[in-house]
Amino acid sequence: LPQAFPALCPFAPGPMHCHQVQRALRALTIPLERLHIMKGHMMQAMRRGLGRHTHSQATLKMLPTYICATPDGTEKGDFLVVELRQSHVRTLLVTLFGDGNLSPQMIHKTFDMPEDIMQGKGEALFDFIAQCVSQFLAESNSSLEHLPLGFVFPFSCRQTQLNKAELISWSKGFSCSDVEGKDVVQLLQSAINKQELSHVEVVALMNDTVGTMMTCSTEGRPCEVALVADKGSNCCFMAEAHLVETAEETSGRMCINTEWGRFGDDGILNDILTPYDECVDEESSSPGEKRFEKMVGSLYLGEITRHVLIALAAEKALFTGSSVAVLKEKDVLKTHQVLEIINVEEGVAVTKRALEALGLQPSEQDCSRVQQICRAVVSRAATLYATGLAAVLSYMCQTRDMDQLLVNVGVDGELYQGHTRFEEILQSVTKLLAPECVATLLPSTDGSGRGAAMVTAVAVRLEAQRREVAELLAPLRLTRDDLVQVQALMRQEMELGLGQETHANASVRMLPTYVCHTPDGTELGEFLALDLGGTNFRVLVVQVTEEGIRMASEIYAIPTAIMQGTGEALFDHIIDCIVDFQEKQDLMTHTLPLGFTFSFPCQQVGLDKALLLTWTKGFSASGCVGQDVVQLLREAAERKHHAGLKVVALVNDTVGTMMSCGYEDPKCEIGLIVGTGTNACYMEEMRNVGTVEGDEGRMCINMEWGAFGDNGCLDHIFTSFDRVVDDQTINPGKQRFEKLISGMYLGEIVRHILLAMSDKELLFHGNPSPKLYTKDIFKTKFLSTIELNGLALRQIRQILQDLELNASFEDSVLMREVCHTVSMRAAQLCAAGLAAVVEKMRENRGLDQLSVTVGVDGTLYKLHPNFSHCLEKTLRDLAPKCTVSFMPSEDGSGKGAALVAAVACRVTGP
Ligand code: ADP
Ligand code: MG
């Protein structure tokens with residue numbers, strides 16, 4: 001045993017100990033290494049109890065309580081508690097003032113229960129309880145319109161909601177008929193209604209353990225663990241809800257009633273059980289069960305001690321010369337006597353008195369030996385409690401992904417209250433076994449009364465909050481009908497955009513790209529490519545060979561002065577970069593066909609002729625809008641005397657994406673971008689393209705769908721948050737569809753919702769950090785992190801810290817819900833748009849079933865944890881006659897531009 005821990009070593013070798021006593025004391029002392037192992041077993045048992053497939057065989061039942069939050073001090077109002085106990089019913093009326101629960105006002109009354117009720121009809125029991133409530137309320141002159149009630153029902157229940165629990169089986173002397181298998185909340189509510197007390201609503205049912213936890217939260221540190229060290233032994237704690245596979249709740253936390261008294265029922269404790277424990281177990285009413293509880297519960301400590309004394313007396317190590325027959329009688333030595341004996345420093349006199357009261361004639365030496373034994377029994381219990389507690393704390397710390405856990409632990413029960421030795425050992429051994437956790441043990445008072453009122457109050461607070469949150473988020477939650485309507489509107493705008501007469505007024509511009517073929521895999525050659533308008537400006541050389549595609553590229557900076565200077569300077573700069581690249585790649589002597597990915601809206605009049613409609617993304621070079629971009633590039637080449645440049649095609653990035661995936665998969669006839677912005681293109685029948693001469697074949701249409709809704713057709717789905725975000729952009733009223741979907745805006749939408757929630761005091765206690773008022777501070781990549789399955793807590797904490805947000809755990813759960821709502825809406829809207837596209841393609845081709853691939857690019861699509869899944873799922877639902885696969889593109893703008901050039905060369909001949 002470590003020297004550092006004398007409490008574990010209740011005996012010091014000395015003349016007063018004979019070897020039999022020493023052996024007994026040693027048997028009752030568990031070495032530290034063994035405690036570590038036991039802690040590991042306890043954690044394992046906890047995991048099994050929570051696991052969907054392991055639960056039914058587990059020794060620790062780990063019962064979900066559906067209590068998902070601890071008090072935050074804002075709870076306010078009147079709450080009724082009814083507690084069913086052995087032989088009586090207690091009623092309480094508790095008033096909370098929203099002042100941190102410092103001084104709740106309480107009145108209560110206890111009603112004796114006639115014996116026949118406990119074994120009578122279930123209906124009679126609940127009628128009796130309801131009558132107690134009725135009488136209590138009448139006497140307390142309560143005249144409230146609505147009174148929430150918490151029901152403390154300390155029996156084993158299968159709980160499925162906070163206010164729904166089927167009794168599994170009676171215990172503690174109860175055996176009322178017609179209750180087992182029924183929902184006891186409903187039984188109580190019906191009985192209460194019969195008393196014409198329908199303003200009393202049973203909102204929560206709970207075990208007595210959870211109340212203990214609820215009474216011990218302090219400022220800034222919630223109490224998330226409770227120990228009951230009483231006749232029985234139990235522990236509950238706040239577990240990560242997603243780990244509670246036996247309940248449906250998946251986000252946030254839930255209080256779990258471990259029912260750890262049964263730990264060891266599978267034999268895992270056998271090597272620390274003593275012969276005394278075996279005797280106690282055999283004499284108990286349930287041999288082989290609740291092995292842990294029988295080592296630590298106050299119902300058993302007196303009994304364990306008694307069996308040690310019997311054994312030592314038989315070995316003549318105690319009470320020599322006097323009769324010990326009295327010790328044979330069960331329960332003659334009470335646990336409170338054991339506690340008295342150890343608690344008094346000069347306890348020999350106390351010991352003597354206690355033993356003499358039993359009719360024994362102890363010598364001085366007997367007394368001091370008995371005292372040592374009592375200490376060993378209580379120390380062992382405290383040590384085992386500490387081991388269990390350490391297991392719970394370490395489990396919490398681990399599953400919360402924390403380096404250190406700071407937590408309050410509420411403790412109740414006769415072993416703890418006022419017994420400093422027990423308390424000290426519990427503290428120090430816990431620290432030794434779970435050094436990463438700082439637990440503050442706090443005595444709880446009246447957990448089952450005041451605590452139950454807290455549970456009820458928290459339930460009422462959360463319910464009100466849930467209602468408000470639901471109301472606030474409702475406009476962002478689109479129904480299937482909404483999406484069907486968006487799909488129809490998109491379809492309508494597509495037709496308008498394609499029509500010769502209607503084109504000018506359509507919000508979806510449906511720009512012809514003059515790309516009429518997707519790759520067929522026979523393309524060959526070497527090409528130059530430019531990529532302007534994405535995150536970087538790049539020059540590339542692309543070799544399309546029979547073995548596949550090889551590329552080399554170089555990134556070039558475009559200084560802001562050039563982005564916003566003259567068009568001439570911009571295109572001169574681009575030529576300089578091309579020359580630099582050709583020199584580096586040793587390509588100066590070649591004249592390679594060049595494909596130009598130019599991701600700005602253009603009115604294309606030929607594959608190599610495109611008028612810039614408007615600059616976006618921070619570009620504003622003068623003299624370009626309305627001009628042919630290819631011509632601007634050619635003129636710059638002339639100015640720079642670069643003769644070897646042959647611009648074959650100008651390509652939008654959606655088209656490049658489609659083409660690059662089309663090279664791998666001939667079914668790829670749609671391109672989709674969900675990055676900073678969003679856009680799509682697809683292969684349309686020439687006969688439907690009213691804006692270009694000719695009816696033969698197909699042409700890729702750059703939809704520019706980001707502008708969908710700019711004519712007001714989507715106004716009904718815009719929320720107040722969307723309008724604020726739009727107002728603060730550089731192009732208010734423009735790109736309205738894009739502003740609901742893409743990376744540049746989702747973070748902003750979330751930020752405005754968070755501010756609105758904070759305003760309603762639903763978040764951050766109504767005090768967001770000043771930082772949260774800064775535009776664009778909430779990045780769209782945060783949505784990905786926050787929504788990641790299983791709460792990547794460490795990263796979330798980092799985000800909250802960076803934003804200087806003082807978010808409680810419940811706050812972060814709510815933030816996650818907000819992020820999820822916003823990103824799901826984005827994915828669903830994107831799906832509605834795509835549904836219109838694939839359905840149109842299917843109809844165009846007169847097919848019952850269309851099978852098509854979408855080439856996709858964009859960081860939001862690629863990195864968000866749920867976006868792509870939700871997009872695909874919604875699309876399947878909205879366009880059931882289309883089988884759509886998604887193919888993430890790799891370097892669509894580089895490869896794609898080269899492929900457009902290659903296809904053009906293939907079709908027209910080089
Ligand atoms: P672009 O659209 O400019 O070509 P990207 O496709 O890389 O560029 O998209 C960049 C956008 O993706 C950023 O504006 C940002 O909003 C968003 N984004 C970046 N990282 C993530 C992420 N981890 N999860 C979701 N969105 C992200
Ligand atoms: Mg891009």
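Order of listing sets the numbers, starting from 1, for every ligand and every atom in it.
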Run the numbers for me: atoms of ligand 1, each under 4.0 Å from some heavy atom of [X], listed by number.
{"X": "Gly858", "value": "6 (O)"}
{"X": "Gly675", "value": "2 (O), 6 (O), 9 (O), 11 (C)"}
{"X": "Gly743", "value": "16 (O)"}

Less than 4.0 Å between a side-chain N and a carboxylate O, is that true for [Y] and [X]?
{"X": "Lys734", "Y": "Asp726", "answer": "no"}
{"X": "Glu748", "Y": "Lys739", "answer": "no"}
{"X": "Lys584", "Y": "Asp580", "answer": "yes"}

Value for CG (Leu498) from CD (Glu493), rounded to nearest 0.5 Å, stands at 11.5 Å
Notebook entry, point to check: According to the interplanar angle, ranging from 0 to 90°, do the rings of Tyr861 and Phe886 count as parallel (below 30°), tilted (30 to 60°) or perpendicular (above 60°)?
Noted result: parallel
Please indicate whether any nitrogen or oxygen in Ser784 is less than 3.5 Å from any nitrogen or oxygen in ligand 1. yes
Closest heavy-atom approach to atom 18 (N) of ligand 1 among Leu863, Thr859, Asp857 is made by Thr859
